[in-house]
Visitor: 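Quick one: the structure is below, questions incoming.
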Amino acid sequence: MTGTIKKYYGALTLLCVLMGLLFPQFSVFSVYTPLLLALLVFSLVIEHSLEDFGRIIQHPQFLGLVSVSNFLLYPLLGFLFIKIFNFSGDIVAGIILLSFAPSPVVAALWTELSGGDGTPALSAALTSMLLSVAVYPAVLYIMGVASLSVAFRVFELLVFTVFLPAVFALLLKLEEERFIPAGKTLNFLSAILGLVIIVVAVAHMSGSVRSMEVTDVIIVVSLMVIAGFIYGFMAGRFRRDEYSVAYVYTSGMRDGVIPLGVALKYFLPSTALPVTVLLVIMPVFTGIFYYVVSR
């Protein structure tokens, strides 16, 4: 069942978007987004060990090149497009959330499917996920998108929905034999939770954004994702080491669920538009670059 969901995740994502548009009543579940996010983080981290977080230190060159994508390329592109398209304040907040989104754990899966070593991609994803707990509140406050009180509440939200579930999962992982039989169940749970969050997000913001804004956001997010993938592809070609495939997916793919949780909790519904678009188009561009890398 889990394999089927992963195989058709792109189609299921589009189906969830359609459900959210057709049934805006699902927006009532937006109040449960923090709980859904906490369960998602727990189900992702429980599959890994504490060593997975520390392995990024063993790959300093990989860390440096990936950091350029995470903290320079995406943010610079985000700020550039904010100026060019003159977005409204809530869309600006959404693009900033997207610009500093962590690398996703699924980047390691795509790396391995393409014949690469998924270890550095996994380590980078887990580490950047925890770093987002501090990065998001600081960036939102410094950029003037959130007041100090809102930034602190965002920090509290991420502590309870990302940091503590991750720590709890790692502590439980010490008794590994207890959770090995539940591995497939937890993978299935994380996939389903991700899809449910998409339905809730689309339903929450349906009717609150203008069609012109949607078009502009799709263009912006697509260009940002393409730039990330191209940077990762070029970095891999330049380095030509055992991590060349991991560069592509770790640099190009972004985790949209964590910024989506922040957007739904503390900002206007349309703030969730950029990261929702990201979740919809990411499987498309990932599939395209998977074909390119695998050739």
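Below, all heavy atoms of this structure are taken into account, side chains as well, without hydrogens, waters or symmetry copies. Source: prediction; values computed, not measured.
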Visitor: Under a 3.5 Å distance rule, please check whether Ser128 uses its side chain to pair with a backbone N or O of Ala124 as donor and acceptor.
Guide: yes
Visitor: Counting only pairs under 3.5 Å, give me each side-chain donor-acceptor contact of residues 253-266, with atom names and distances, residues two or more places apart or in other chains.
Guide:
unit_1, atom_1, unit_2, atom_2, d
Arg254, NH1, Asn70, OD1, 2.8
Arg254, NH1, Ala101, O, 3.2
Arg254, NH2, Asn70, OD1, 3.0
Arg254, NH2, Ser103, OG, 3.4
Arg254, NH2, Thr250, O, 2.6
Arg254, NH2, Ser251, O, 3.4
Asp255, OD1, Val257, N, 2.9
Asp255, OD1, Ile258, N, 3.3
Tyr266, OH, Arg153, O, 3.2

Visitor: Return the orientation label for the Phe23 and Phe26 ring planes: parallel under 30°, perpendicular over 60°, tilted otherwise.
Guide: perpendicular
Visitor: Kindly indicate whether the side chain of Val106, heavy atoms from C-beta on, has any atom under 4.5 Å from the side chain of Thr286.
Guide: no
Visitor: With a 4.5 Å limit on heavy-atom distance, are the side chains of Leu223 and Ile219 in contact?
Guide: yes
Visitor: Hydrophobic clustering (ILVMFWY, side-chain heavy atoms < 4.5 Å, transitive) - are Val66 and Phe238 grouped together?
Guide: no
Visitor: Say you draw a straight line from CD1 of Ile192 to CD1 of Ile197; how long is it, rounded to the nearest 0.5 Å?
Guide: 11.5 Å
Visitor: Which pair of heavy atoms, one from Val280 and one from Thr13, lies closest together, and at what distance?
Guide: CA-CG2, 3.8 Å
Visitor: Who passes side-chain contact (heavy atoms from CB on, under 4.5 Å) against Val292, sequence neighbours left out?
Guide: Phe233
Visitor: Taking C-beta and beyond as the side chain, do Leu279 and Val275 meet within less than 4.5 Å on heavy atoms?
Guide: no
Visitor: Is it the case that one hydrophobic cluster holds both Phe100 and Val68, taking links as side-chain heavy atoms less than 4.5 Å apart, direct or via other members?
Guide: yes
Visitor: With heavy-atom distances below 4.5 Å as the criterion, would you say the side chains of Trp110 and Val245 are in contact?
Guide: no
Visitor: Name all residues meeting the side-chain contact (heavy atoms from CB on, under 4.5 Å) criterion together with Ile218; count only those two or more places apart in sequence or in a different chain, and write none if there are none.
Guide: Val214, Ser222, Val277
Visitor: To the closest 0.5 Å, what do you measure between OH (Tyr231) and OH (Tyr74)?
Guide: 12.0 Å
Visitor: State, with a plain yes or no, whether a side-chain heavy atom of Thr271 is found less than 4.5 Å away from one of Ile91.
Guide: no
Visitor: Does any non-hydrogen side-chain atom of Phe81 lie less than 4.5 Å from one of Asp216?
Guide: no
Visitor: I'd like to know whether CZ of Phe160 has more than 12 heavy-atom contacts from other residues, nucleotides or ligands below 6.0 angstrom.
Guide: no
Visitor: Taking CZ in Phe285 as the centre, count heavy atoms belonging to other residues, nucleotides or ligands within less than 6.0 Å. Is the count above 12?
Guide: yes
Visitor: Checking side chain to side chain contact (heavy atoms under 4.5 Å, CB included) for the pair Ile82/Ile96: CA distance, chi angles, key distance, verdict?
Guide: CA-CA 9 Å; Ile82 286 172; Ile96 291 176; 4.1 Å; yes
Visitor: Verify the cluster assignment for Leu148 and Leu97: are they in a single hydrophobic cluster under the rule of side-chain heavy atoms below 4.5 Å apart?
Guide: no
Visitor: Rounded to the nearest 0.5 Å, what separates atom CG in Leu77 from atom OG in Ser69?
Guide: 9.0 Å
Visitor: I'd like to know if Ile142 and Phe267 are part of one continuous hydrophobic network [Ile/Leu/Val/Met/Phe/Trp/Tyr, side-chain heavy atoms within less than 4.5 Å].
Guide: no
Visitor: In Å and rounded to the nearest 0.5 Å, what is the CG to CZ distance from Leu172 to Phe42?
Guide: 5.0 Å
Visitor: For Phe155, does the CZ atom have more than 12 heavy-atom neighbours from other residues, nucleotides or ligands under 6.0 Å away?
Guide: no
Visitor: Got more than 12 heavy atoms from elsewhere within 6.0 Å of CZ, Phe79?
Guide: yes
Visitor: Kindly state each residue pair satisfying side-chain hydrogen bond (donor to acceptor under 3.5 Å, both in side chains) with at least one member in residues 132-145, sequence neighbours excluded.
Guide: none
Visitor: Grab the two heavy atoms, one from Ala108 and one from Ala121, that are nearest each other, plus how far apart they are.
Guide: CA-CB, 3.8 Å
Visitor: For the pair Phe168 and Ile46, evaluate side chain to side chain contact (heavy atoms under 4.5 Å, CB included) and give the outcome as yes or no after the intermediate values.
Guide: CA-CA 9 Å; Phe168 183 53; Ile46 195 65; over 6 Å; no
Visitor: Report yes if some heavy atom in the side chain of Pro137 is under 4.5 Å from a heavy atom in the side chain of Leu158; otherwise report no.
Guide: yes
Visitor: For residues Gly236 and Ser244, report the shortest heavy-atom separation together with the two atoms involved.
Guide: O-CB, 3.5 Å
Visitor: Which atoms form the tightest heavy-atom contact between Leu130 and Ala166, and what is the distance?
Guide: CD2-CB, 3.9 Å
Visitor: Search all heavy atoms of Thr161 against all heavy atoms of Pro34 and return the closest pair with its distance.
Guide: CG2-O, 3.3 Å
Visitor: Under the criterion side chain to side chain contact (heavy atoms under 4.5 Å, CB included), I'd like the reasoning laid out for Asp117 against Thr111: C-alpha separation, chi angles, the key distance, then a yes or no.
Guide: CA-CA 6 Å; Asp117 182 3; Thr111 299; 5.6 Å; no
Visitor: Heavy atoms only: give me the nearest Ala93-Val145 pair and the separation to one decimal.
Guide: CB-CG1, 3.4 Å
Visitor: Quick one: CG on Leu268 to CG on Leu273, what's the gap to the nearest 0.5 Å?
Guide: 12.5 Å
Visitor: To the nearest 0.5 Å, tell me how far Thr33 OG1 sits from Leu40 CG.
Guide: 11.5 Å
Visitor: State plainly whether one hydrophobic cluster holds both Met224 and Leu76, where clusters connect Ile, Leu, Val, Met, Phe, Trp and Tyr through side-chain heavy atoms under 4.5 angstrom apart.
Guide: no
Visitor: List the residues meeting side-chain hydrogen bond (donor to acceptor under 3.5 Å, both in side chains) with Tyr243, not counting sequence neighbours, and say none if there are none.
Guide: His59
Visitor: Mind checking what makes side-chain hydrogen bond (donor to acceptor under 3.5 Å, both in side chains) contact with Ser114, not counting sequence neighbours?
Guide: Tyr249
